[in-house]
2 protein chains.
Amino acid sequence: MVTIYDIAAKANVSAMTVSRVINNTGRISEKTRAKVKRVMEELNYVPNQMARSLVLQRTNLLFLLITDITNPFYTTLARGAEDAAKKHGFRLLFGNSDENLDKENEYLDTILKTRVDGVLIAPTGDASLPHLETLRRHAVPFVLLDREVPGMESDIVLGDGKEGARQLVKHLTEMGHRRIALINGSLTASTARQRLEGFREAMKLNDLAYSDDYVLETSFGPRSDLSEIEAWLDRMTPAPTAIIAGNNVLAVEVMRTLHGRGLRVPDDLSIVCFDELASYAEIDPFLTVISQQAYQFGYLGMQMLIERIQEGEAAGPWKKIVLPSELLVRRSVKNVG
Amino acid sequence: MVTIYDIAAKANVSAMTVSRVINNTGRISEKTRAKVKRVMEELNYVPNQMARSLVLQRTNLLFLLITDITNPFYTTLARGAEDAAKKHGFRLLFGNSDENLDKENEYLDTILKTRVDGVLIAPTGDASLPHLETLRRHAVPFVLLDREVPGMESDIVLGDGKEGARQLVKHLTEMGHRRIALINGSLTASTARQRLEGFREAMKLNDLAYSDDYVLETSFGPRSDLSEIEAWLDRMTPAPTAIIAGNNVLAVEVMRTLHGRGLRVPDDLSIVCFDELASYAEIDPFLTVISQQAYQFGYLGMQMLIERIQEGEAAGPWKKIVLPSELLVRRSVKNVG
DNA sequence: AATGTTTATGTTACCGATAACTCTAAATTA
DNA sequence: TAATTTAGAGTTATCGGTAACATAAACATT
């Protein structure tokens, strides 16, 4: 491997002079600069980032940890994060925790060992607190995405789940629905709590009966076994006329289950959910959804992170960005008025 | 930041002893080992991977470069690659070239500077040759994914595009179609060439007329402007009864265009394509496709890469894995027989 | 008892870069 | 002309680890 010393020797200068040429620092005569540059090209020299990182005490690396790489909400978010990182000259490592605390922990280890300059993280849930505390203790700047973690203050990008739930309930009532069910992710995730809370409030506001039987708490991630959902559907009597799904994955799981029973959406049952399905895979979008600005989650989160890194101590108080979401009415709700 | 020397000082041993404890090398008395471990915990010590990388001349980092992070084929592939990397204790950097040679080049720079141990790359096309030559020149092991690049021998994972095209044509003819069109990616990508070749051969084999007018060469990536596809549809007279799309993105773009014209699939026009759409977003899969084993592309490719890295010179001749694909007949083809 | 082995640990040099300081010759100033 | 400044380099130490070699004490061997 060609080093700065090889260049120095061949160009008859010191290593420091080569370093100065590379980084455009200090004073170098045009003649020397040209000579060094020529030798660098001749030898195909590429600076060793590891060596620089070691002495500069910064790696120029950031880490993006998401919970489900097959979920278009997160890949779109990732795209936003990547664009923002690239714009500022940072490189991006990434990992996928699969909504799994142990996996999250393994990635945490990688993050610390690698001495990344900062972390963009969608935590699996409240139980991520110790992980975040570890990051804080090691002075690794981080920005939370999508989910709050009680007990940990930090920069954060959130959606307004409560408002989203309200809008969904409002839309459903306007379409004449009165028996509305909710399938939700684990309440250890703040998003699930928010959406439940918004749901309950909106039900009350619209004088609709709220019953725990009509709410299922499960996981936001994909599953192989639909029996939990089957049992829930059976349990609800009388059957709801509409279901709100806590995210896109859950909407799909419910629709799968219904499909298996020969039930059709929206003819037999209406469905709405949070988050879009695949970004472009849907030719003729069918589901009525609360659409979140996934790209902005990543882009703005990354921007906050980089700001925090570059300003260091001077970055001021924690910032919280709440991104508005939008109701997109499509064809998965039947008018039963 | 806590270093090995801080541990050494507090435990009254040399840095080397600490290093031995960390790496489980050499001989250490149980007493010393325990003492060192205790101090490490007390001080929350985490080894500095950069420093290790520098002296060991390996980073334990791999790089995955894909061409479209919003395409489920590639995210599924990424998932496979991530799983395989993790299994072998490697960390994964990733990038997204967007089918863009310049972006690919920028990532190449990152790859070289970072001294990653290996690269898994889906090249944008034949023009990636100089990039691959640069990797080769710098002795960076790499495995190609999905696309061949003429002039560059290497380990590679491919699908059988020719056979896939044959199967699609066969299926369409069995359904009575005789005027079949093909919308394809750029022929600078080997996949596009293969699929075209298979298409022409199959047309001939089935005694169907082949005309260049019925083939559109465009880009595999998503686009904002559908006019190129509009023009192509207008150009074909008589209109085809079926269209083969060179990948999932193109199928969606065509369906969007048709949707805009009020044409319905499959009633007015049949469509088939290569690759699945979103992995779980489709509740009730509609498109008849040639499904490729996206996860295996990533998983096996990563495995080959790691093998190549670990065996070094002794890894033997280049390996080529051709993954079979499967025709999944669904509802996007009308029987016009 | 003298010597050879083994075990446990320490010393030194180095990986490839940069910061901070030093040095020299030429240019500028008094 | 002598003193001072400055442009354009070079020297040395350091980042946080590890390999290779060195060493001291304990134990075994003849």
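Just so we're on the same page: letters track the sequence lines, and every chain starts at 1.
Applying a 4.0 Å cut-off to non-hydrogen atoms, none of the residues of residues 37-53 of chain A approaches DNA chain D.
For residues 114-141 of chain B, the set of pairs meeting the ring pair (Phe, Tyr, Trp, His ring centres under 6.0 Å) definition, not counting sequence neighbours, is empty. Sorted by first and then second residue, the pairs that involve residues 14-69 of chain B and meet ring pair (Phe, Tyr, Trp, His ring centres under 6.0 Å), not counting sequence neighbours, are B:Phe63-B:Tyr107.
Here the CG atom belonging to A:Leu120 is positioned 8.0 Å from the CG atom belonging to A:Leu62, to the nearest 0.5 angstrom.
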Please list, for nucleotides 19-24 of chain D, all pairs of protein and nucleotide N/O atoms separated by less than 3.5 Å.
none

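The end-to-end axis angle of the helix from C:dA1-D:dT30 to C:dA30-D:dT1, rounded to 10 degrees and based on five pairs per end, is 50°.
Contact annotation for A:Thr17: backbone-only contact, meaning every heavy-atom pair under 4.0 Å involves sugar-phosphate atoms and none involves a base. Residue-level contact check: B:Ser29 touches the backbone only, with heavy atoms under 4.0 Å from sugar-phosphate atoms and none from bases.
Every residue two or more places apart in sequence or in another chain that forms a side chain to side chain donor-acceptor pair (under 3.5 Å) with B:Asp117 is listed here: B:Thr59. Partners of A:Phe90 according to the ring-ring contact (aromatic ring centres under 6.0 Å, His included) rule, which considers only residues two or more places apart in sequence or in another chain, do not exist here. Taking B:Lys35 as the reference, nothing meets the salt bridge (charged side-chain N to carboxylate O under 4.0 Å, His left out) condition, with sequence neighbours excluded. In this structure, the salt bridge (charged side-chain N to carboxylate O under 4.0 Å, His left out) partners of B:Asp109, at least two apart in sequence or on a different chain, are B:Lys113. Scored by the salt bridge (charged side-chain N to carboxylate O under 4.0 Å, His left out) test, A:Asp155 finds A:Arg308 as partners (sequence neighbours excluded). A search for salt bridge (charged side-chain N to carboxylate O under 4.0 Å, His left out) contacts involving B:Arg38 returns B:Glu42, not counting sequence neighbours.
If you measure from atom CD1 of B:Ile7 to atom C1' of D:dG17, you get 13 Å, rounded to the nearest angstrom. If you take CG of B:Asp6 and P of D:dC15, they are 10 Å apart, rounded to a whole angstrom.
Among the candidates A:Leu305, A:Ile66, A:Leu158, A:Val157, the single residue satisfying the side-chain contact (heavy atoms from CB on, under 4.5 Å) test with A:Leu145 is A:Val157. Partner of A:Tyr74 under the side-chain contact (heavy atoms from CB on, under 4.5 Å) criterion, chosen from A:Asn96, A:Ile69, A:Asp146: A:Asp146.
A donor-acceptor contact under 3.5 Å links the side chain of B:Tyr5 to the base of D:dG17.
Scanning DNA chain C 5' to 3' for nucleotides with an atom closer than 4.0 angstrom to a non-hydrogen atom of chain B gives a first and last hit of C:dT7 to C:dG16.
Taking only side-chain nitrogens and oxygens, A:Arg27 never comes nearer than 4.0 Å to OP1 or OP2 of D:dG8. Contact between the side-chain N/O atoms of A:Ser14 and the OP1/OP2 oxygens of D:dG10 is found at a separation under 4.0 Å. Distances shown here put every side-chain N or O of A:Gln57 at or beyond 4.0 Å from the OP1 or OP2 atom of D:dT14.
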Q. When you look at A:Ser128 and A:Leu101, which way does the side-chain contact (heavy atoms from CB on, under 4.5 Å) test go after all the steps?
A. CA-CA 7 Å; A:Ser128 298; A:Leu101 210 59; 3.9 Å; yes
Q. Could you walk me through whether B:Arg115 and B:Ser53 pass the side chain to side chain donor-acceptor pair (under 3.5 Å) check?
A. CA-CA 9 Å; B:Arg115 301 291 198 267; B:Ser53 295; over 6 Å; no
